[in-house]
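Note that ligands are numbered from 1 as they come in the structure, with each ligand's atoms numbered from 1 the same way.
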Amino acid sequence: MAITLFLFYLIIGLLVYDFVRKNKIGKKDPRQPWALPILGHLHLFGTQPHRSFTELAKKYGGIFTIWMGDERSVVITDPNILRELYVKNHSNFYNRAHTNSIKIYSGKYVDLSFSNDEIWKNNRRLVSAALTKTKILNVINLVEQQAAFLINSMNYYSKSGEAFYPHKYFNKYTMNIVTSIGFSKTISENESVDEGPISQLLVPFNNILEDLGSGNLGDFVWYTRPFFYSRNKNLGKDVKKVYTFLEVLYNQHIETLDESNPRDLMDQLIISTGGKQKDMVIHVSMDFILAGSDTNGSTLEWFCIFLANNPDFQKKAYEELISVVGKDCKAVTTKVRDNCPYIVGAIKETLRVRTPAPLSLIRVANEDFTTSEGVFIPKGTQIVPNIYGIAQNFVDDPSTFKPERWVEYYKNKSPTRETEANSNDLKPTNTNEKILPNDLDKVVLPFSIGARNCPGNIISEINLFLACSNILLNFEITTTNGKKIDETEVFGLTIHPKDFSIKLTKRN
Ligand code: HEM
């Protein structure tokens, strides 16, 4: 009895201690909602944490504290603060926050997406060298070919009149692009996504995406870890399957390597590491599939939903395209991209309203830091950039899908602006200038900013333009039942729409 009472008081004592610890706020600390013991603020996340954080930012400001279980985090929903951290003070904020799940996925952090310190610097240097703009421009033919394959498969549905479910076709298109750049393997035109060698990757990969995207309480509340033992074990098995698949490719690459003529990213990484860092090469290749296929695939799905739900927008985009390429054009190429501001604006608007990675990837403060506005961020705090929320709270009429806002914006800018926004340059010229609302290139940041932003931004730009413009050229898209398609997003590592279909009518 005495022991039970003792345990009871001990637990109450621990809960009170945790409550006080999480809610003690100094003058310089970011503001925060009341935190619960154990959970912290996890109960406030809801099914769409990016939307919940965007609402909380309206009350608690552009930087506020969120406790993810035991992990102190700050949510950044202000472009000025994000730039201060990620661009001006990159060296203090470039490392990723590590969790048990991430450790399993990344092979103990030897990859690019989740490595830290010298390993990240080295891996990023090697990947950046392999993905220079010139090298990417060399793959344009390949992307154009994949876009043609995609249109061919869509032709079947326009002829048969069957409803078209885009998900697996768009995934095949985007996955083929990253796997061919990564290691020269594709799902052939005649194979469906469920067939052929790459299909072996799909199940484990979807499991990994789901696991990393759904959040694991064991990552944030240490004493719940034992309950997640089997889940982590399954994650480990899926990672192993993908690893084994890529290991076979790695060995084939080593056997057939011609140092003077690298075929793909894998060859380039093997050459620059002298064939001595197999684990790193395999895990970086894994990152490419994880980071590069679902993000672009879901953006294409959203684009089609907006086309189907907004016939006026579709008409304008089609008319712009035809005025540039002519009615007899067989396939749109990247050369005309600069002449299609409305379509480019529509793609950017899709990334703004349905930001694929709305909370980016979490980083961590290496040392204590005080912002220029006097807000204190202790060493070890997780940094959660709410890039979705910035693109909402710093834009007029934020929930309306308006490609025109981009057309107007670029009319008033010099032609180099867009390139500047997409560049990986560490030294932007005007980092002290306050970012104002509606300065779209500075408040719409789907690829994040600074030296650890997304290295796949240029590939994505090409990939998205070719797919969107060729779909517009070939088909009129309508809903299958006359009702608008549900635009509610499902949260995960990448947000995506609920399963949906569209009707494709071939244009003459
Ligand atoms: C619409 C498409 C895409 C979006 C919205 C997107 C977004 C992002 C974001 C927000 C980050 C986190 C950056 C940060 O921490 O500041 C990221 C990282 C990354 N992305 Fe992308 N991405 C896309 C496509 C791609 C593609 C096509 C690839 C590969 C070819 C790719 C490869 C990566 C990698 C490897 C990282 C980790 C970089 C590092 O840690 O150094 N992404 N991406």
Side-chain angles (χ1 to χ4, degrees), residues 50 76 82-83 85-87 90 93-98 102 105-106 109-117 119-128 130-131 135-136 139 142-143 146 170-171 173-183 264-266 269 280 283-303 347-348 350-364 382-388 390-391 422 424 426 444-465 467-468 493-496:
H50 57 301
I76 313 291
L82 189 62
R83 183 167 60 175
L85 269 48
Y86 277 19
V87 180
H90 161 78
F93 292 101
Y94 72 92
N95 277 341
R96 292 267 182 244
H98 284 168
I102 297 293
Y105 162 75
S106 63
Y109 320 118
V110 296
D111 67 340
L112 172 63
S113 298
F114 298 106
S115 53
N116 280 346
D117 301 312
I119 301 184
W120 174 73
K121 285 185 195 162
N122 190 46
N123 292 357
R124 180 76 187 211
R125 190 175 45 79
L126 296 178
V127 169
S128 300
L131 290 184
K135 286 181 182 146
I136 291 175
V139 303
L142 180 153
V143 185
Q146 291 301 327
F170 290 172
N171 256 24
Y173 167 71
T174 55
M175 194 169 218
N176 269 353
I177 292 167
V178 281
T179 53
S180 51
I181 294 172
F183 38 82
D264 45 35
L265 178 79
M266 199 175 246
L269 293 179
M280 172 276 217
H283 276 282
V284 170
S285 306
M286 217 185 267
D287 279 354
F288 260 63
I289 318 176
L290 187 83
S293 48
D294 217 39
T295 41
N296 278 306
S298 69
T299 306
L300 293 178
E301 288 185 61
W302 289 116
F303 185 83
I347 297 171
K348 285 176 179 284
T350 306
L351 291 166
R352 184 185 74 78
V353 295
R354 291 294 178 273
T355 314
L359 300 175
S360 187
L361 289 175
I362 298 178
R363 305 216 199 148
V364 73
Q382 296 193 139
I383 312 296
V384 184
N386 183 6
I387 48 179
Y388 163 81
I390 294 175
N422 286 338
N424 290 348
L426 249 182
V444 181
L445 308 166
F447 299 99
S448 182
I449 45 168
R452 196 167 190 174
N453 73 348
C454 173
N457 55 3
I458 299 171
I459 298 174
S460 303
E461 207 170 74
I462 298 171
N463 166 337
L464 292 173
F465 178 74
C468 294
L493 204 58
T494 309
I495 60 148
H496 55 88

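Comparing L131, N296, L112 against atom 1 (C) of ligand 1, the shortest heavy-atom distance belongs to N296. Relative to atom 15 (O) of ligand 1, the option among R96, M286, R354 with the closest non-hydrogen atom is R96. Here the shortest heavy-atom distance to atom 39 (C) of ligand 1, taken over R363, R452, K121, belongs to R452.
A donor-acceptor pair is defined here as one N or O able to donate and one able to accept, closer than 3.5 Å; such a pair exists between the side chain of N123 and the backbone of D111. For D287 (side chain) and L112 (main-chain N/O), a donor-acceptor pair under 3.5 Å exists by modelled atom type. R83 contributes no side-chain N or O that, together with a main-chain N or O of G450, makes up a donor-acceptor pair within less than 3.5 Å.
Taking every heavy atom of V178 and a limit of under 4.0 angstrom, the matching atoms of ligand 1 come to 30 (C). Of all atoms in ligand 1, listed by their number and element, those nearer than 4.0 Å to a heavy atom of F288 are 29 (C), 30 (C). Numbered from 1 in the order shown, with element, the atoms of ligand 1 that lie under 4.0 Å from a heavy atom of P446 read 5 (C), 7 (C), 10 (C). Near P356, meaning under 4.0 Å from one of its heavy atoms, ligand 1 places the atoms 5 (C). Interface of R124 with ligand 1, defined as ligand atoms under 4.0 Å from a residue heavy atom, comprises 38 (C), 39 (C), 41 (O). Taking every non-hydrogen atom of I459 and a distance limit under 4.0 Å, the qualifying atoms of ligand 1 come out as 30 (C).
The only member of V127, V110, L126 that meets side chain to side chain contact (heavy atoms under 4.5 Å, CB included) when paired with V284 is V127.
Classified by interplanar angle (parallel below 30°, tilted 30° to 60°, perpendicular above 60°), the ring pair Y388/H50 is perpendicular. Between H90 and W120, the ring planes lie tilted relative to each other; the angle falls in the 30° to 60° range.
Neighbouring protein atoms of atom 21 (Fe) of ligand 1 (N, O or S, distance under 2.8 Å, waters ignored): C454 SG.
Here the CZ-OG1 distance, from F303 to T350, works out to 6.0 Å after rounding to the nearest 0.5 Å.
Taking each heavy atom of I495 and P358 in turn, the nearest pair found is CG2-CG, 3.6 Å. Closest approach of Y86 and R363 over heavy atoms only: OH-CG, 3.1 Å. When all heavy atoms of L82 and P385 are compared, the pair lying nearest together is CD1-CB, 3.7 Å. Between S115 and I119, the shortest heavy-atom contact is CB-CG2, 3.8 Å.
The shortest contact between atom 12 (C) of ligand 1 and any protein heavy atom is with S360 OG, 3.4 Å. Shortest contact from atom 37 (C) of ligand 1 to any protein heavy atom: S113 OG, 3.4 Å.
Shown here are the side-chain contact (heavy atoms from CB on, under 4.5 Å) partners of V364, two or more places apart in sequence or in another chain: N95, A97, N366.
Contacts with ligand 1 closer than 4.0 Å are made by no heavy atom of F114, backbone or side chain.
Considering backbone and side-chain atoms alike, S448 places an N or O below 3.5 Å from some N or O of ligand 1.
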